[in-house]
Amino acid sequence: QMDLFQNGSDADKTELKRILGEAKFLRGLYYFDLVRFFGDVPFKLEPTQATDNMSIGKTDREVIYDQIIKDMLEAAQDIPWVSKITLDERISKGAVKGILARVYLGRGGYSLRQDGTMKRPANYKDYYAAALQQTKEIMESGEHSLNPSYETIFRNYCQLKLEPKESMFEVAFFNATGGNDNSGYIGTWNSPVCNPASSYGRANSFYKTLPIFQKSYAAADLRRDVAVATFQIDASNQIVQYTGSNDRLWAPGKWRRNWQNTSPKDLNNTDINWVLLRYADVLLMRAEAENEVNNGPNAAAYEAVNMVRRRGYGLSVTATSAVADIAAGLSKEQFLTMLQKERAFELCFEGFRKFDLTRWNIIGKTLRETEAALKAYRNNFPYIAGTYFRDNKHELYPIPTREIELDPKITQNPNY
């Protein structure tokens, strides 16, 4: 309704269309999170008026997915490629397409429905084909590529360096004085312990990883020692390895106080951005979509996953490798199983695993197998997720009681 939108200069119109595209993308992104966390949710597209009926109940997620996809497709038309914009944390065309590919795979996967069963759409392959198209367009654009060094990706985050060739979309955090507003806990809560008396600042290390996961990496895979920190940092800035049963204290290692390269403005807070999409994920989504659409892996599927693996082994991403490359001749099921593991090796602790396990319909099975393996590793290992996870319930979170009180038409999710 702005006059500039219709009658402004070409530059005005281009910028306003970009802003509108960003708004559509963000609406789609937030609804995508809502349906992944909660399933069917209340859904509205118009601003609230004082006379509106505020009790609207739930909308089927397939209807919501239609709008998410519409929003993102429209956004991609008016948001430029990263090479055409000033380097900042705003969304680029490649990032829109990458998140849209994730949406398509999410919609084509399994989810817990209101009747208490895990289902995926009858036309699920259509969504895999759409994801394939989006990832293919990103790869063919030449706008994005893998950073040659896996470690450098995360050192860049810690040192607040934007590098959009690989890191395609980040949530921005910054506070000039280190205060709470617009700051984050990345590199403090999800990192190795760091003594507050050190020069780096405190890291509480509330999130832990599993020794059997760390040991499942190949010895030559350089990602292992980046992803998992087997140590803490003491008051004199020294790295101290955990030994024996203290391997239960191993932590995510991708964000570390001692990589942040500055004295802390605040003992707890950081300015480290949170990554929502890396180019490596685009390649792995391409491989998965090719495998599903073609009823087995083709050359493009192998090449996409092998590029990720070669980089992980410190090799050229374009040269075949007897060490890093996946052996040819896998069936569709074998390739998917391999890819499920590869996504963990590459993307661990970046916030995607539960969603992946859910859409593959193996989350309960995986948690129980993990608990059994940990008990075999050490019979008193502190892990209870396999025992307490309930299939056809915990794939979704419960609707908060307060939301149901405010809108009585909202029903609780299955088995809560």
Side-chain angles (χ1 to χ4, degrees), residues 28-29 32 35-36 61-62 65-66 68-70 72-73 75-76 93-111 119-146 166 168-169 276-312 317 325-326 328-347 350-363:
L29 177 67
F32 182 44
V35 297
R36 291 192 296 174
R61 75 200 64 180
E62 297 300 328
Y65 266 124
D66 284 342
I68 293 170
I69 292 168
K70 180 176 183 292
M72 292 192 179
L73 286 172
K93 187 187 296 289
V96 173
K97 288 178 169 292
I99 297 294
L100 179 54
R102 185 180 293 161
V103 168
Y104 281 130
L105 291 182
R107 189 176 191 181
Y110 288 87
S111 62
K119 297 176 182 176
R120 63 181 178 182
N123 65 332
Y124 71 93
K125 283 203 173 187
D126 293 344
Y127 301 119
Y128 278 85
L132 173 56
Q133 182 61 34
Q134 294 298 322
T135 55
K136 185 177 180 181
E137 289 176 9
I138 295 168
M139 293 176 67
E140 292 177 350
S141 73
E143 293 278 340
H144 298 280
S145 60
L146 294 174
E166 163 106 17
M168 298 172 66
F169 186 39
L276 289 185
L277 180 68
R278 290 196 288 113
Y279 186 61
D281 196 355
V282 171
L283 294 174
L284 295 175
M285 288 191 289
R286 169 77 183 273
E288 183 177 348
E290 291 278 10
N291 185 54
E292 187 64 46
V293 169
N294 297 295
N295 204 34
N298 57 8
Y302 276 106
E303 183 62 13
V305 71
N306 284 336
M307 288 173 66
V308 174
R309 286 179 57 83
R310 291 167 193 159
R311 191 270 301 276
V317 300
D325 288 4
I326 298 297
L330 297 182
S331 68
K332 176 185 176 183
E333 292 73 22
Q334 290 170 330
F335 189 85
L336 177 59
T337 298
M338 174 278 300
L339 196 61
Q340 290 167 344
K341 294 177 181 177
E342 192 59 34
R343 286 186 66 82
F345 292 145
E346 176 68 26
L347 302 170
E350 296 179 41
F352 311 123
R353 193 61 176 171
K354 181 184 178 182
F355 297 130
D356 281 345
L357 294 173
T358 300
R359 67 183 178 84
W360 293 324
N361 199 22
I362 59 172
I363 183 168

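For the numbers below, each heavy atom of this structure counts, side chains included, while hydrogens, waters and symmetry mates do not.
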Taking every heavy atom of Met72 against every heavy atom of Gly28, the minimum-distance pair comes out as CE-C, 3.7 Å

- Could you tell me whether a side-chain N or O of Arg310 sits under 3.5 Å from a main-chain N or O of Val317, the two making a donor and an acceptor? yes

Taking C-beta and beyond as the side chain, do Tyr127 and Leu105 meet within less than 4.5 Å on heavy atoms?
no

Would you please indicate if the ring centroids of Tyr302 and Phe335 are separated by under 6.0 Å?
yes

Would Arg102 pass as a cation-pi partner of Phe355, given that its NZ or CZ must be under 6.0 Å from the six-membered ring centre and within 45 degrees of the axis? no

Shortest non-hydrogen pair, Arg120 vs Gly109, comes out as CB-O, 3.1 Å

Of all heavy-atom pairs linking Ala301 and Ala287, the shortest is O-CB, 3.5 Å

Heavy atoms of Leu29 and Phe169 approach each other most closely as CD2-CE2, 4.1 Å

In this structure, CG of Leu336 is separated from CD of Glu342 (nearest 0.5 Å) by 13.0 Å

Correct closest heavy-atom pair for Met168 and Gly94 would be CE-O, 3.4 Å

The reported gap from CD1 in Ile138 to CD in Gln133 (rounded to nearest 0.5 angstrom) is 10.5 Å

Nearest heavy-atom approach of Ala101 to Thr135 is CB-CG2, 3.7 Å

CG (Asp325) and CE (Met307) are apart, to the nearest 0.5 Å, by 11.5 Å

The reported gap from CZ in Arg309 to CZ in Arg311 (rounded to nearest 0.5 angstrom) is 13.0 Å

(Q) Taking Arg107 first and then Asp126, would you say they form a salt bridge - that is, a charged N and a carboxylate O separated by under 4.0 Å? (A) no

Please evaluate residues Leu132 and Tyr104 with respect to the criterion side chain to side chain contact (heavy atoms under 4.5 Å, CB included), reporting the C-alpha separation (whole Å), side-chain torsions for both, the decisive distance (0.1 Å), and the verdict. CA-CA 9 Å; Leu132 173 56; Tyr104 281 130; over 6 Å; no

**Request:** Return yes if some donor-acceptor pair links the side-chain N/O of Asn306 with the main-chain N/O of Ile326 below 3.5 Å, else return no.
**Result:** yes

Rounded to the nearest 0.5 angstrom, the CG-CE distance for Asp356 and Met285 is 9.5 Å

Check: Asn294 side chain, Glu290 main-chain N or O, donor-acceptor pair, under 3.5 Å | yes

Rounded to the nearest 0.5 Å, the CG atom of Leu283 sits from the OH atom of Tyr279 at a distance of 4.5 Å

With a 6.0 Å cut-off (strictly less than), is the heavy-atom count around NZ of Lys136, excluding the residue itself, greater than 12? no

- In plain terms, say whether Glu292 and Lys332 are close enough for a salt bridge, that is, a side-chain N and a carboxylate O under 4.0 Å apart. yes

>> Are Glu350 and Asp281 packed together at the side-chain level, in the sense that at least one heavy-atom pair is separated by less than 4.5 angstrom?
In response: no

- Query: Are the side chain of Lys93 and the backbone of Ala76 linked by a donor-acceptor contact shorter than 3.5 Å?
  - Reply: yes

* Asked: Taking the six-membered ring of Phe32, is the NZ or CZ of Arg36 close enough (under 6.0 Å from the centre) and on axis enough (within 45°)?
  -> yes

**Request:** State, with a plain yes or no, whether a side-chain heavy atom of Glu143 is found less than 4.5 Å away from one of Glu137.
**Result:** no

### Message
Please determine whether side chain to side chain contact (heavy atoms under 4.5 Å, CB included) holds for the pair Leu339 and Asn291, giving the CA-CA distance in whole Å, both sets of side-chain angles, and the decisive distance to 0.1 Å.
### Response
CA-CA 10 Å; Leu339 196 61; Asn291 185 54; 5.9 Å; no

- Query: So Glu346 and Leu284, side chain to side chain contact (heavy atoms under 4.5 Å, CB included) or not? Walk me through it.
  - Reply: CA-CA 9 Å; Glu346 176 68 26; Leu284 295 175; 4.1 Å; yes

